[in-house]
Amino acid sequence: MKNPISPVQYQFFQNGNQEEINASLIVETPVSLTVNGTVWLTFMCTPTQLEALAVGFLFNEGVIKDFSEVADVRVCEHGDNVDVWLNHTTEKPTKWTHTSGCTGGVTSVEPNVDMEPVRHLNGVTLSPEQIPALLELLNGDQTLYRQTGGVHTSVLSDGKRSVISAEDIGRHNTLDKIAGTALMKKITLERRIILTTGRISSDMMQKSLQLGALIIISRTSPSSMSVELAEKQGITLIGYAKRHRFNVYTHPERIVSVEKLTSSDKEEIHDQSQDTL
């Protein structure tokens, strides 16, 4: 597999002074997806977790529902193709929609704000004091970002810990990598929270819905269509989360004051705050 980091030299100018800097850049590379012997598309991605990227993409597109449908998945010797063989036939989509995702994401799933709600407004609550602790989980998993910058990170959390994390130059790719890892490792969670550095567009919302997330927390903004989808589907969507301040765009009833939490939840908040000191 290719190295996700590439060395670079550049000239740094400041106040009329010039300095040569040795640094690193995040790698962006084309990787094709071949399904049952047919090339479907080309990802523009960071070359990590490529098997998970391919499997997660097929899951998020509704092509597969479980990893048991995958007979084999492998990255070719040169790292520029992921070969997926399913144990059933499937048709290559005839139409791909270019999403608003960076590096040119595509999907065959049309966003539909009129779909029937599938999420319920119970099962997950957070206090405002828990949001900073969750953001610390996200910050802690930004390994490539600390080395290169210019890369997105997303985390699947149960509210207490980082269960799966993924980094990629494309924010949409991070959620495909998380979905693929969850399927391949048979990870199941009762509470699913998505944390991400990326903007929440409609494709990010669709992928989060596929992952079963009830709360989505982003360090930046949502789009108008993602807010519509979140409202319809019973998702709590939080944007511009910066430690002790954040915006709740939909279903704020899941964010409750500490006084209304159970004693066990209060202990959890205390433990999380101690871990992030």
Side-chain angles (χ1 to χ4, degrees), residues 52 56 59-60 65-67 115-142 153-166 171 174-198 200 204-219 222 226-227 229-239 241 243-244 246-276:
F59 172 78
N60 284 331
K65 295 182 178 179
D66 190 82
F67 190 57
M115 69 178 74
E116 287 300 315
V118 296
R119 303 298 187 269
H120 301 288
L121 299 181
N122 54 16
V124 179
T125 57
L126 294 176
S127 76
E129 290 79 7
Q130 285 175 287
I131 304 299
L134 290 171
L135 291 174
E136 285 299 320
L137 293 179
L138 179 63
N139 294 339
D141 283 339
Q142 292 190 270
T153 306
S154 293
V155 167
L156 175 65
S157 173
D158 61 0
K160 300 178 182 179
R161 59 199 170 98
S162 171
V163 179
I164 305 173
S165 65
R171 64 180 187 269
T174 62
L175 295 189
D176 287 336
K177 289 178 176 181
I178 285 175
T181 300
L183 261 65
M184 295 168 72
K185 294 186 176 181
K186 296 181 172 59
I187 294 173
T188 57
L189 299 174
E190 290 186 8
R191 303 202 307 171
R192 296 189 176 204
I193 300 170
I194 289 291
L195 315 167
T196 185
T197 60
I200 303 298
M204 291 287 282
M205 180 58 65
Q206 293 278 11
K207 293 176 189 294
S208 297
L209 286 170
Q210 281 289 98
L211 281 163
L214 290 175
I215 298 176
I216 302 170
I217 303 172
S218 171
R219 289 214 308 233
S226 71
V227 171
L229 285 166
E231 181 64 40
K232 181 70 175 181
Q233 291 293 301
I235 303 301
T236 299
L237 177 55
I238 298 173
R243 291 190 60 80
H244 296 288
F246 51 89
N247 302 338
V248 184
Y249 292 89
T250 58
H251 297 289
E253 56 269 31
R254 285 205 181 92
I255 310 302
V256 300
S257 64
V258 173
E259 289 75 16
K260 295 182 180 180
L261 293 177
T262 65
S263 58
S264 60
D265 286 334
K266 291 178 182 179
E267 290 177 5
E268 177 182 313
I269 294 172
H270 174 74
D271 292 341
Q272 285 180 310
S273 63
Q274 291 297 109
D275 289 341
T276 57

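In this chain, numbering begins with 1 at the start of the sequence shown.
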Does a side-chain heavy-atom distance below 4.5 Å link Ile216 with Thr236? no
Backbone N/O of Leu211 and side chain of Arg192: donor-acceptor pair under 3.5 Å: yes
State whether a side-chain donor-acceptor pair under 3.5 Å links Arg219 with Asn139. yes
Closest non-hydrogen atoms of Gln130 and Thr125, given as atom of the first, atom of the second and distance, are OE1-O, 4.2 Å
Between Gln142 (side chain) and Thr153 (backbone), is there a donor-acceptor pair under 3.5 Å? no
Minimal non-hydrogen separation, Lys177 against Ala166, with atom names: CB-CB, 3.7 Å
Spatial distance of atom CG (Leu175) from atom OG (Ser208) [nearest 0.5 Å]: 5.0 Å
Which one of Leu209, Ile194, Val227, Leu229 satisfies the side-chain contact (heavy atoms from CB on, under 4.5 Å) criterion with Ile235? Leu209
With a 4.5 Å cut-off on side-chain heavy atoms, are Ile217 and Thr196 touching? no
Taking atom CZ of Phe67 and atom NZ of Lys186, what is their separation to the nearest 0.5 Å? 7.0 Å
Between Ile187 and Val163, the two heavy atoms sitting closest are CG2-CG1, 3.8 Å
Is the shortest side-chain heavy-atom distance between Pro128 and Phe246 below 4.5 Å? yes
Would the distance check show the side chain of Asp158 and the main-chain N or O of Arg161 forming a donor-acceptor pair, the cut-off being under 3.5 Å? yes
Between OG of Ser218 and CG of Leu237, what distance do you get to the nearest 0.5 Å? 8.0 Å
One should read off an interatomic distance between Ile193 CD1 and Arg254 CZ, to the nearest 0.5 angstrom, of 9.5 Å
Check: Ile238 and Ile131 side chains under 4.5 Å, non-hydrogen atoms: yes
I'd like to check Leu214 versus Arg191 (side-chain heavy atoms, cut-off strictly below 4.5 Å). Are they in contact? no
Looking at side-chain heavy atoms only, is the closest gap between Ser127 and Ile255 below 4.5 Å? no
With rounding to the nearest 0.5 Å, note down the distance linking CG in Leu137 to CG in Leu156. 11.5 Å
Hey, could you give me the CD1/CE distance between Ile200 and Met205, rounded to the nearest 0.5 Å? 6.5 Å
For the residue pair Leu126 and Leu134, establish whether any side-chain heavy-atom pair is separated by less than 4.5 Å. yes
Steps toward side chain to side chain contact (heavy atoms under 4.5 Å, CB included) verdict (Glu136, Arg243): CA-CA 8 Å; Glu136 285 299 320; Arg243 291 190 60 80; 2.9 Å; yes
Among side-chain atoms of Ser162 and Asp141, is any donor-acceptor pair under 3.5 angstrom? yes
Start with the C-alpha distance between Ser154 and Thr197, add both sets of side-chain angles, then the distance that settles side chain to side chain contact (heavy atoms under 4.5 Å, CB included), and finish with yes or no. CA-CA 6 Å; Ser154 293; Thr197 60; 5.8 Å; no
